[in-house]
Amino acid sequence: MVDEAYRVVVGLEVHVELKTRTKLFCRCVNAFGSAPNTQTCPVCLGLPGVLPVLNRNAVYLAVKAGMALHCTIRSVSKFDRKQYFYPDLPKAYQISQYDLPFAEWGFVPIADGAEVKRIRIRRVHMEEDAGKLNHIGQNLKEAEGSLVDLNRAGVPLIEIVSEPDMGSAEEARRYLTELRTILSYLDVSDLRMEEGSMRCDANVSLKPRGYQGSLEDLPRVEVKNVNSIRNVGRAIEYEIERQAARLSQGERIIKETRGFDDGRGRTYSQRSKEEANDYRYFPEPDLPPLVLDESWLTEVQASLPLLPEAWRERLRDLGLASQDVEVLVQDRVQVAFLSETLSFTDDVRAVSSWMLSDMLRLLNERGLGFDQSPVSPKDLVDLLGFIADGKISGRMAKEVLDKMFESGESAAVWVKRLGMAQITDDSLLRGQVAEVLAEHGKVVADYRAGKERAFGFLVGQMMKRTQGQASPEVVNRLLKEALEFDAQ
Amino acid sequence: MMGVPDYSAKGLADAVRSGQVSAESAMIGYLERIRATEPEVHALLAQDQDLALSRAQAVDRMPLDQRSQLALAGVPLVVKDNIVTEDFPTTAGSRMLEGFRSPYTATAVERAAAQGAIVLAKSNLDEFGMGSSTEHSAFGPTKNPWDLTRVPGGSSGGSAAAVAVGMAPLALGSDTGGSIRQPAAFCGIVGLKPTYGRVSRYGLIAYASSLDQIGPLARTVEDVGLLLQVISGQDVRDATSVENPVPDYLAQLKRPLEGLRVGMPKEYFGQGIDPKVRSVVEKMLDRLAAEGVTVVEIEMPHTRYAIATYYLIAPAEASSNLSRYDGIRYGFRAPATDLDSLYRNTRAQGMGEEVQRRILLGTHVLSAGYYDQYYVKAQKVRTLIRRDFDEAFQTVDLVVTPSAPDLPFVLGSRSDDPMQMYLSDICTVTANLAGLPALSVPAGFDDGLPIGMQWIGPAWSEDLLLRAGYMVEQMVERPRWPLWRT
């Protein structure tokens, strides 16, 4: 078992597909799930004579991500060719960034209770994705053949490389969760691990107590392409146990690449890294250096949204409980919704409590997110206004919210339609009756002169003033009382 | 004999525009010339006579106001077979791409076609542009039209030979280390390698991306300028093409150059240069001096590292650029039992010896542990070579050298000696390493074999190079056609 004899050292490499309209070096559509090889052109097929042209929007999204991870952005970086043969790599090299990545030296803060630990980011670089092989048959060994789908070839990626700063599977999970949350705020990627738009490789090693050498020299096991945050945690936990067991039996850890078997919860050996690939990196001669203008960088920095860390602080300052803050901050669209309500109300607690209970329930029932809610932030604030003004009870408000969800109509409409907001309190209406009579002296005189129709006009005025919420019965009675009283 | 092929491209385009000559009748003349000369010269890999004729008829049918807009109305064009075309197969002279047809056309070809040029054939070349003799074509060598026992130079030997015998007045070539200029010199015609970034490389099958440029070949300097005019300019599909206005190359062409200062780097006139070549070039320089051109001897001390530098950088890039020919998606595929043997057999059988030699060389150069020592070092020397030129252009307008160290050599005489073959590029590789424009123009003849002189200028000085070339052209007597049968 793992004990104090070892310290766990985990570093993660995360690939994130950027949500651009087109691919990184050509104008093919960047979309998931189309029929094989329908989103291809001579450039991403690597046909003879083609040249890459950099997608500036991909650069914009990548730089946003680099900034949100607190990286230093290089004003001059370059692209390099990483060379290896594989059928899913049409040019037999991947255009990537080697020694001059566009972003370096950032961090992701992860919280453990009140304590915040910074997981350092070593580098973030841009590269193109490879295609996909579909093997005919159950598995590669028995496959009758393999079909190449190059729809994904050339899709823009960023690779985010952390320092080996994580000391447990739990920290790795937190790091990934926070990383995903941060990136979701920027809207730079779909971040769907199951679709491969976010992919994670975990480097796991155990550092024996008293080890003096560099972490780089520890035999490192890389677990490739795990398909969910939960499974990354499981894979790391399994690796820690496996390596600890080997070490305690006096065996050596082999530097290798391993896969993760989801069903059995185990990692398995894929290939030994002892005979490491020589990728023969060299500068991509088809692309000029990537030069980022200082003023453009300043603009991008200024356009960044408030990030999760900042939102946490803001919401806590507004008086929300930490647990609620955490739940709200997890989801960009929740925060956006909440943020919009703040322009109409100060009562963030009421908003948050309604959002996380009834709103969330109603949205979940419909499979919707806060960004697709039929009830807008303003609608919700209006509803809460009726409660605050004592016009309806909380229980009534739930009923109104249900109706609002079904119909998309406002709180006011449903409060009235359900007859919840009739003003029946004499004292609330008496002052207005006096005002109406004072304003329309001629009509009052007409009424007294026997014109019955004049009474109807006065009722209408009352209804108009109360936006139809006054109870007509009460208005009739109070008007008559007042007219008679004045007459005496 | 005075036939259709005697027209210059300029003269033909003028005549077709005005309706004086029909594009169709011109095309028939060129096709006849091809029939008469191609069996012995073997300059071409693919031709489509029906297509060429129907295109010519289409030019003739155009309304006059449309046709009169076309700079190359009805002018036949030969395209080196490492430049992709939808209408013809593109092989790059390799088994690897035998029968390959590109689904798109190179920008330079599109631009020429948009101006009325008609591609009538693809021309032979050293496989993937790697060679200086066109002997390294998988489809047999091209012969020098001035002496069929000799090579036409390379790698654009097919384009140069085709133009020299009048199969077309214009050809496109590509130049990575001299592949336009050396064959132009060997075939007695004019060839220009533009400034790096002047002409789009989109659709040029990459050999060494940081050195490759497409450029024109023609029998006259004016025609070279005419074709350059049409193919130049930035292309959104090539990020290394430069947004720099394209001047009117023909406007000043014939105006005498006054006060021109020309540098004669002694490194290009010494050891390794055939005395006959040197004497013809020096004689021309004397005649220019008599016309008022100032000729000064200059030093370019890093020239002696140029071949070594070139043969590190070019193969390094080639090893990467040619990796895509793996038998998976298109082109040749050898029988195999698994993925590894598929790659190995395909590339071993699909590529010629010289190509494999350069791929191995380049792979070695880029390998871990050698990269700094070779590739990085070569890049540094490349900077020094560029600086030699910068310094030279502080004192002179243009630099003059022979276009090639020797006369066209006998077929097969250097096949077993790659080192000797690599030295054929000694005069030309520096312009590629420095990214500079360079023009080869005939300077004279020795015993019936043409000798070219090379003019190298600062970046974007194509207009000046053309004027200098035109001046030389006026002083050289040359036979109208090289071949007995023309």
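Naming convention: chains lettered A, B, ... in sequence-line order (proteins, then strands); numbering from 1 in each chain.
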Taking side chain as everything from C-beta outward and backbone as N, CA, C, O, which of these in B:Asn321 sits under 4.5 Å from a heavy atom of chain A? Side chain, backbone, both or neither.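 Backbone plus side chain of B:Asn321, per the 4.5 Å heavy-atom cut-off to chain A.
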Just wondering, more than 12 heavy atoms not from A:Lys19 lying within 6.0 Å of its NZ?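 Yes.
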Greatest number of heavy atom pairs closer than 4.5 Å to chain A - which of B:Tyr325, B:Phe100, B:Tyr371: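 Option with the top pair count is B:Tyr371.
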Taking every non-hydrogen pair under 4.5 Å, which of A:Cys26, A:Pro283, A:Pro52, A:Cys41 racks up the most with chain B?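 So the answer, after comparing A:Cys26, A:Pro283, A:Pro52, A:Cys41, is A:Pro283.
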Measuring heavy-atom distances to chain A, does B:Tyr370 have an atom under 4.5 Å in its side chain, in its backbone, in both, or in neither?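 Looking at B:Tyr370, nothing touches chain A.
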Portion of B:Leu322 that has a non-hydrogen atom of chain A nearer than 4.5 angstrom: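 Neither part, no heavy atoms under 4.5 Å.
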Please state whether the side chain, the backbone, both or neither of B:Tyr202 comes within less than 4.5 Å of a heavy atom of chain A.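 B:Tyr202 touches chain A through backbone and side-chain heavy atoms alike.
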Any chance you could lay out the salt bridge (Lys or Arg N to Asp or Glu O under 4.0 Å) test for B:Arg201 and A:Asp286, step after step, and finish with the verdict? CA-CA 10 Å; B:Arg201 291 186 294 119; A:Asp286 289 332; 3.0 Å; yes
Applying the salt bridge (charged side-chain N to carboxylate O under 4.0 Å, His left out) criterion to A:Arg122, which one of A:Glu159, A:Glu104, A:Glu13, A:Glu216 satisfies it?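 Of all the options given, the one that passes is A:Glu216.
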Which atoms of B:Ala106 are under 4.5 Å from chain A, going by heavy atoms: the side chain, the backbone, both sets, or neither?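 Looking at B:Ala106, nothing touches chain A.
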Contact part of B:Leu342 toward chain A, heavy-atom cut-off under 4.5 Å: side chain, backbone, both or neither?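 Neither part, no heavy atoms under 4.5 Å.
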Is chain A contacted by the side chain of B:Ser102, its backbone, both, or neither, given a heavy-atom distance below 4.5 Å?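 When you check distances to chain A, no heavy atom of B:Ser102 falls under 4.5 Å.
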Residue part contacting chain A, namely of B:Leu204, when any heavy atom lies under 4.5 Å: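 For B:Leu204, the backbone is the part near chain A, not the side chain.
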